[in-house]
Engineer: 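I'd like to ask some things about the structure below.
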Amino acid sequence: MAARVDRLVTSGTFSLDGGTWEVDNNVWLVGDDSEVLVVDAAHDADAIAAAVGDRRVVAIACTHAHDDHVDAAPALAARTGAPVLLHPDDLPLWRLTHPDRAPDGELADGQVLTVAGTELTVLHTPGHAPGAVCLYAPSLGTVLTGDTLFQGGPGATGRSFSDFPTIIGSIRERLLTLPPETVVRTGHGDSTTVGAEAPHLQEWIDRGH
């Protein structure tokens with residue numbers, strides 16, 4: 001059975017720099033009926049575990065370490081025995097949420113994660129966060145971008161640990177170079193495609209938000 005990508009939406013809060021906001025997050029489950037990779041264990045370990053069912057979780061991959069993307073990761077790891085994987089550049093952010101529990105392994109640019117016979121390549125795409133990554137699965141025609149690229153533009157860069165010129169560089173060099181039909185599955189909200197977003201790069205730069 002070929003791998004598929006399922007979406008679960010969980011709700012909670014995002015807190016940074018003294019502010020807290022209500023958010024809905026996309027949790028992506030990549031796999032088949034026997035094993036699955038969880039991308040961004042957000043808010044609700046029970047709901048994610050229910051969506052996983054009796055499948056083996058090969059890993060819990062974090063696109064970045066903002067609390068709304070990693071708050072349920074340790075609890076889900078405890079339930080499933082799966083390792084939590086994070087790019088080391090995001091450890092300062094991770095420690096704000098989980099000071100007493102380190103990730104189990106690292107994500108590195110060019111690393112390949114395999115689930116259900118499907119390869120996902122780690123693309124280091126800093127900007128929204130220093131250790132932000134995207135996961136590109138060419139055989140599925142999709143890239144999971146976390147909060148790096150959304151329908152309508154780049155992720156926010158107005159808070160600590162983020163940088164607008166850096167995220168623009170990541171999007172230009174790592175994401176808009178993918179095939180235009182590649183489906184962009186985002187950390188929040190609706191999916192889009194590389195081809196739908198690519199023409200707007202200069203607008204985003206001019207807007208500079």
Engineer: Do L149 and T186 come close enough that some side-chain heavy atom pair is under 4.5 Å?
Structural biologist: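 No; the side chains remain at least 4.5 Å from each other.
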Engineer: Sequence neighbours left out, what pairs pass ring pair (Phe, Tyr, Trp, His ring centres under 6.0 Å) with at least one residue falling in residues 69-118?
Structural biologist: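 Qualifying pairs: H64-H69, H69-H188, H87-H124, W94-H98.
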Engineer: Using the salt bridge (charged side-chain N to carboxylate O under 4.0 Å, His left out) criterion, which residues pair with R79? Sequence neighbours excluded.
Structural biologist: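 Checked R79 against salt bridge (charged side-chain N to carboxylate O under 4.0 Å, His left out); matches are D46.
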Engineer: So, D44 side chain and A47 main chain: donor-acceptor pair closer than 3.5 Å or not?
Structural biologist: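 Side chain of D44 to backbone of A47: a pair is present.
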Engineer: With sequence neighbours excluded, tell me which residues meet side-chain hydrogen bond (donor to acceptor under 3.5 Å, both in side chains) with D17.
Structural biologist: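 Once residues adjacent in sequence are excluded, the partners of D17 under the side-chain hydrogen bond (donor to acceptor under 3.5 Å, both in side chains) criterion are S160.
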Engineer: Mind checking whether I60 and L120 sit in one hydrophobic cluster, side chains of I, L, V, M, F, W, Y counted as touching below 4.5 Å?
Structural biologist: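 Different hydrophobic clusters.
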Engineer: Just wondering, do H66 and R159 contact through their side chains at under 4.5 Å, heavy atoms?
Structural biologist: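 No. Closest side-chain heavy atoms not under 4.5 Å.
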Engineer: For a quick test of reading the model, state the closest non-hydrogen atom pair linking C62 to V70 and the distance between them.
Structural biologist: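 Here C62 and V70 meet closest at SG-CG1, 3.8 Å.
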Engineer: Could you verify whether a donor N or O on one side chain and an acceptor N or O on the other, from T20 and S15, lie under 3.5 Å apart?
Structural biologist: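 Yes, because at least one side-chain N or O of T20 sits under 3.5 Å from a partner of the opposite role on S15.
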Engineer: Considering non-hydrogen atoms only, spot the tightest contact between A65 and D90 and give its length.
Structural biologist: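 Looks like N-OD2, 2.8 Å.
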Engineer: What are the two closest non-hydrogen atoms of A132 and T148, and how far apart are they?
Structural biologist: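 Reported closest heavy-atom pair: CB-OG1, 4.0 Å.
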Engineer: Determine which pairs satisfy side-chain hydrogen bond (donor to acceptor under 3.5 Å, both in side chains) with at least one residue from residues 107-116, sequence neighbours left out, and list them in order.
Structural biologist: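 Counting only pairs at least two positions apart or across chains, the side-chain hydrogen bond (donor to acceptor under 3.5 Å, both in side chains) contacts touching residues 107-116 are D109-R174.
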Engineer: If you compare all heavy atoms of A61 against all heavy atoms of L37, which two are closest, and at what distance to 0.1 Å?
Structural biologist: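 Heavy atoms only, the tightest pair is CB-CD1, 4.2 Å.
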Engineer: If two hydrophobic side chains count as joined below 4.5 Å and joins carry through other members, does L113 share a cluster with V39?
Structural biologist: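 Looking at the clustering, V39 is in the same group as L113.
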Engineer: For D6, which residues count as a salt bridge (charged side-chain N to carboxylate O under 4.0 Å, His left out) partner, sequence neighbours excluded?
Structural biologist: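 Salt bridge (charged side-chain N to carboxylate O under 4.0 Å, His left out) check on D6 returns R4.
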Engineer: Does anything in residues 190-204 form a salt bridge (Lys or Arg N to Asp or Glu O under 4.0 Å)? List the pairs, not counting sequence neighbours.
Structural biologist: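 Not a single pair qualifies under salt bridge (Lys or Arg N to Asp or Glu O under 4.0 Å).
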Engineer: Would you name the heavy atoms of A59 and L85 that are closest together and state the gap between them?
Structural biologist: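 Scanning both residues completely, I find the closest heavy atoms to be CB-CD1, 3.8 Å.
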Engineer: So L16 and L93, do their side chains get closer than 4.5 Å, heavy atoms only?
Structural biologist: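 When only atoms from C-beta onward are counted, L16 and L93 do touch, with a gap below 4.5 Å.
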Engineer: Can you see whether D24 engages S11 through a side-chain donor-acceptor pair at a distance of less than 3.5 angstrom?
Structural biologist: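 Indeed, the side chains of D24 and S11 share at least one donor-acceptor pair under 3.5 Å.
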Engineer: Not counting sequence neighbours, which residues clear salt bridge (charged side-chain N to carboxylate O under 4.0 Å, His left out) with R56? List them please.
Structural biologist: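 Counting only residues at least two positions away or on another chain, R56 forms a salt bridge (charged side-chain N to carboxylate O under 4.0 Å, His left out) with E35.
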Engineer: Show me, pair by pair, the donor-acceptor contacts under 3.5 angstrom made by side chains of residues 134-142, not counting sequence neighbours?
Structural biologist:
| from | atom 1 | to | atom 2 | distance (Å) |
| --- | --- | --- | --- | --- |
| T142 | OG1 | V183 | O | 2.8 |
| T142 | OG1 | R185 | NE | 2.8 |

Engineer: Does some side-chain heavy atom of N26 sit less than 4.5 Å from a side-chain heavy atom of V9?
Structural biologist: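 Result yes, sub-4.5 Å side-chain heavy-atom pair found.
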Engineer: Can V27 be reached from V36 by stepping across I, L, V, M, F, W or Y side chains whose heavy atoms are under 4.5 Å apart?
Structural biologist: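 Yes: a chain of side-chain contacts under 4.5 Å links V36 to V27.
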Engineer: Could you pull out all residues at least two apart from A196 that satisfy side-chain contact (heavy atoms from CB on, under 4.5 Å)?
Structural biologist: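 Residues passing side-chain contact (heavy atoms from CB on, under 4.5 Å) with A196: T192, T193.
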Engineer: Residues two or more places apart in sequence or in another chain: which of them pass salt bridge (charged side-chain N to carboxylate O under 4.0 Å, His left out) with D104?
Structural biologist: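 Applying salt bridge (charged side-chain N to carboxylate O under 4.0 Å, His left out) to D104 gives R101.
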Engineer: Report yes or no: do D40 and T63 form a side-chain donor-acceptor pair below 3.5 Å?
Structural biologist: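 Their side chains do contain a donor-acceptor pair, which is all the 3.5 Å distance test asks for.
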Engineer: Considering non-hydrogen atoms only, spot the tightest contact between D68 and N25 and give its length.
Structural biologist: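 That closest heavy-atom pairing would be O-ND2, 3.0 Å.
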Engineer: Is there any ring pair (Phe, Tyr, Trp, His ring centres under 6.0 Å) pair reaching into residues 18-47, and which pairs are they, with sequence neighbours excluded?
Structural biologist: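 For residues 18-47, and leaving out neighbouring residues, the ring pair (Phe, Tyr, Trp, His ring centres under 6.0 Å) pairs sorted by first residue read F14-W21.
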Engineer: Name all pairs fulfilling the salt bridge (Lys or Arg N to Asp or Glu O under 4.0 Å) condition that reach into residues 120-130, sequence neighbours left out, sorted by first residue then second.
Structural biologist: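 Output for this query is empty, none listed.
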